[in-house]
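Letters A, B, ... are given to chains in the order of the sequence lines, protein chains preceding strands, and every chain is numbered from 1.
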There are 2 protein chains.
Amino acid sequence: MSQWMSPDERQPTQVAQIRQSLQEQIRAGLLRPGMRLPSERALSERFATTRITLKEALAVLETEGQIYREERRGWFVAPPRLIYDPRTKSHFQAMVESQGRAATTRVLQAGPVVANAELCQRMGLAPLSPLLKICRVRSLDSRDVLYVEHYLLPERFPGLLEMDLTCSLTRLYAERYGIGYGQSTFDILPTAAHGAVARALGLPQGAPLLQICRLNLDGQGRLIDCDMEYWRQDAVVIRIQSDPLP
Amino acid sequence: MSQWMSPDERQPTQVAQIRQSLQEQIRAGLLRPGMRLPSERALSERFATTRITLKEALAVLETEGQIYREERRGWFVAPPRLIYDPRTKSHFQAMVESQGRAATTRVLQAGPVVANAELCQRMGLAPLSPLLKICRVRSLDSRDVLYVEHYLLPERFPGLLEMDLTCSLTRLYAERYGIGYGQSTFDILPTAAHGAVARALGLPQGAPLLQICRLNLDGQGRLIDCDMEYWRQDAVVIRIQSDPLP
DNA sequence: AAGTGGTCTAGACCACGCG
DNA sequence: GCGTGGTCTAGACCACTTC
């Protein structure tokens with residue numbers, strides 16, 4: 001019945017030892033959240049190894065979300081994760097502040113676009129449908145952690161582009177258009193940073209990300225919008241409390 | 001208002017080109033789900049580069065979940081993802097079969113343990129509390145994709161270890177102990193493979209994983225168990241449909 | 001026995017950040 | 001202009017899988 005657990009733990013690799021060593025320093029508080037690590041060259045000397053091997057250890061810690069990088073600026077110790085329940089629609093600012101932290105929002109782009117194939121499929125649209133696209137970056141304690149693309153049906157939101165898009169879109173929907181949320185669907189999956197997302201969050205190409213695609217319907221079951229969220233994966237933990245499904 | 005999108009797309013790196021090339025072959029169906037890729041050495045020759053660079057491209061595709069590896073066996077094209085709503089408590093087999101796929105379960109270990117610090121905290125237990133630990137590996141179409149550790153309160157489940165633990169624990173709870181689920185809490189976060197998890201799923205140390213920690217209460221709000229799930233991150237997409245929270 | 005991925009070495013050049 | 005991370009080269013040995 002009970003099976004033994006691999007009797008011979010093989011000796012740890014250099015990568016594992018370096019990872020372990022850095023993790024210990026972080027846990028002990030010697031390397032504090034937000035602090036920059038020494039340069040890769042300095043670390044590789046200190047651990048008597050090459051940069052490649054050292055980078056491999058950093059990559060594992062990055063995958064675990066214990067450290068993060070800013071492109072060409074260096075490696076930093078990850079602050080505590082934001083607790084995020086995707087069902088509490090947006091009010092990003094309120095959610096962040098209720099956890100004792102500071103939020104800001106920056107609009108990168110806002111304008112009409114033509115839906116691409118993936119969006120048409122997700123939103124159930126006719127090919128080449130027009131949409132409004134709003135790109136925003138949101139920060140947690142002055143650190144950019146979230147890049148969001150909102151895709152809205154233009155006919156439901158006339159004049160939206162002239163409004164202040166740095167605040168909650170949920171509030172704009174409700175107060176200016178009388179549109180409230182009903183059922184929503186979320187897809188959560190890890191992915192890698194590319195193009196616009198990588199640039200917006202200051203990540204190198206290929207860095208790990210947590211993607212959340214939300215499809216929002218109104219009280220009558222009609223489509224409101226589709227949001228593509230890309231989180232720095234060290235910055236967040238998805239926490240969902242639920243009663244069981246029927 | 002609208003900001004231009006980085007006017008000069010810098011020329012793609014070798015890593016990006018290799019990634020692009022492999023992705024295209026996969027999308028076109030020339031490399032089919034489950035197929036093994038050529039060896040790293042063969043690929044690095046074909047792309048006229050070194051193994052390190054080639055491996056970097058494979059690592060990005062792995063992060064995206066387009067390919068996966070089996071330790072020392074090679075790289076494979078990822079099959080379609082299982083759609084998983086963590087709120088539909090277990091019945092792993094039923095969930096898998098309803099999506100037209102095949103499930104199996106293997107018990108690695110089952111026995112009493114002493115709760116570690118993390119578990120005491122998550123479950124709100126006194127230090128050194130006794131628990132029952134059940135380790136299982138679950139496969140999708142003959143591929144091991146999920147490693148689960150269940151931690152149960154021993155006083156609620158006398159004699160459990162003598163039962164057939166390859167089938168649904170949910171069913172055992174209900175049929176043999178009259179215990180059903182009430183509220184549950186899920187934490188979802190990407191992490192890296194280590195030790196027992198890596199061995200159980202045949203992953204190299206440091207490979208990306210999706211961790212889901214579930215804390216299950218019964219109808220009276222009393223703790224039932226805590227499950228630590230570790231998914232191959234290419235094998236699953238978390239999909240949650242929900243009405244908005246009050 | 002041959003071939004594979006896992007691990008590691010010892011460099012190099014470049015674009016960019018920062019002072 | 002210096003140091004940084006980002007990218008890349010050209011090898012090597014070992015443990016393990018597969019034949």
### Upstream residue (5' side of DNA chain D) when B:Glu56 and B:Arg41 are each assigned their closest nucleotide
B:Glu56
### Nearest listed nucleotide, side chain of B:Ile52, among D:dT7, C:dC8, C:dG5
C:dC8
### Message
Quick check on DNA chain C: between A:Val15 and A:Arg51, whose nearest nucleotide comes earlier from the 5' end?
### Response
A:Val15
#### Entry: Sugar-phosphate, base or nothing in reach of B:Thr13, heavy atoms under 4.0 Å
sugar-phosphate
### Query
Given atom CD of A:Glu70 and atom C1' of D:dG3, what is their separation to the nearest angstrom?
17 Å
### Task
Please tell me which of the listed nucleotides, C:dG6, D:dG6, D:dA10, lies nearest to the side chain of A:Glu71?
D:dG6
### Task
Figure out the CD/C1' separation between B:Gln17 and D:dT7, and round it to whole Å.
13 Å
### Query
So what does B:Ser39 hit on the nucleic acid, given a heavy-atom distance under 4.0 Å: a base, only sugar-phosphate, or nothing?
sugar-phosphate
### Atom-pair distance (CZ on B:Phe76; C1' on C:dG5), nearest Å
11 Å
### Task
Check the distance between D:dC8's P and B:Arg19's CZ and give it to me in whole angstrom.
14 Å
### Atom pair distance, as rounded to whole Å: CG in B:Leu37 and C1' in C:dG5
13 Å
### Message
Can you tell me which nucleotide in D:dT4, D:dT9, C:dT7 comes closest to the side chain of A:Arg36?
### Response
D:dT4
### Between P of C:dG5 and CD of B:Glu62, the distance in whole Å
13 Å
### Task
Taking only the side-chain heavy atoms of A:Arg72 (C-beta and beyond), determine which of D:dG6, D:dA12, D:dT17 contains the nearest atom.
D:dG6
### Query
Going by heavy atoms in the side chains, are B:Asp187 and B:Arg122 under 4.5 Å from each other?
yes
### Query
What nucleic acid atoms does A:Gln14 come within less than 4.0 Å of, heavy atoms only: base, sugar-phosphate, or nothing?
sugar-phosphate
#### Entry: B:Arg143 to B:Tyr68 six-membered ring, cation-pi geometry met (6.0 Å, 45°)
yes
### Summary
A:Glu45 CD to D:dG5 P, in whole Å, measures 12 Å
### Task
Could you tell me whether B:Arg73 contacts a base, only the sugar-phosphate backbone, or nothing, with contacts defined as non-hydrogen atoms closer than 4.0 Å?
sugar-phosphate
### Query
Below 4.0 angstrom from OP1 or OP2 of D:dG11, is there any side-chain N or O of B:Thr50?
no
### Task
Determine the sole option in B:Arg214, B:Arg136, B:Glu149 for which the side chain to side chain contact (heavy atoms under 4.5 Å, CB included) test with B:Asp227 is passed.
B:Arg214
### Message
More than 12 heavy atoms of other residues, nucleotides or ligands under 6.0 Å from CD of A:Glu97: yes or no?
### Response
yes
### Query
Any side-chain N or O of B:Lys55 under 4.0 Å from OP1/OP2 of C:dG6?
yes
### Task
Give a yes/no on whether any side-chain N or O of A:Thr49 is located under 4.0 angstrom from OP1 or OP2 of C:dT9.
yes
### Task
Dump the intermediate steps for side chain to side chain contact (heavy atoms under 4.5 Å, CB included) on A:Leu201 and A:Leu209, then the final yes or no.
CA-CA 10 Å; A:Leu201 293 179; A:Leu209 275 181; 4.1 Å; yes
### Message
With a 6.0 Å cut-off on the ring centroids, do A:Trp231 and A:Tyr84 count as close?
### Response
yes
### Message
Measure CZ/B:Phe47 against P/D:dT7 and give the value in whole Å, please.
### Response
17 Å
### Query
Where each residue is assigned the nucleotide of DNA chain D containing its nearest heavy atom, which of B:Ala16 and A:Ala42 is assigned the position nearer the 5′ end?
A:Ala42
### Query
B:Arg69 near the nucleic acid: base, sugar-phosphate alone, or nothing, with a heavy-atom cut-off under 4.0 Å?
sugar-phosphate
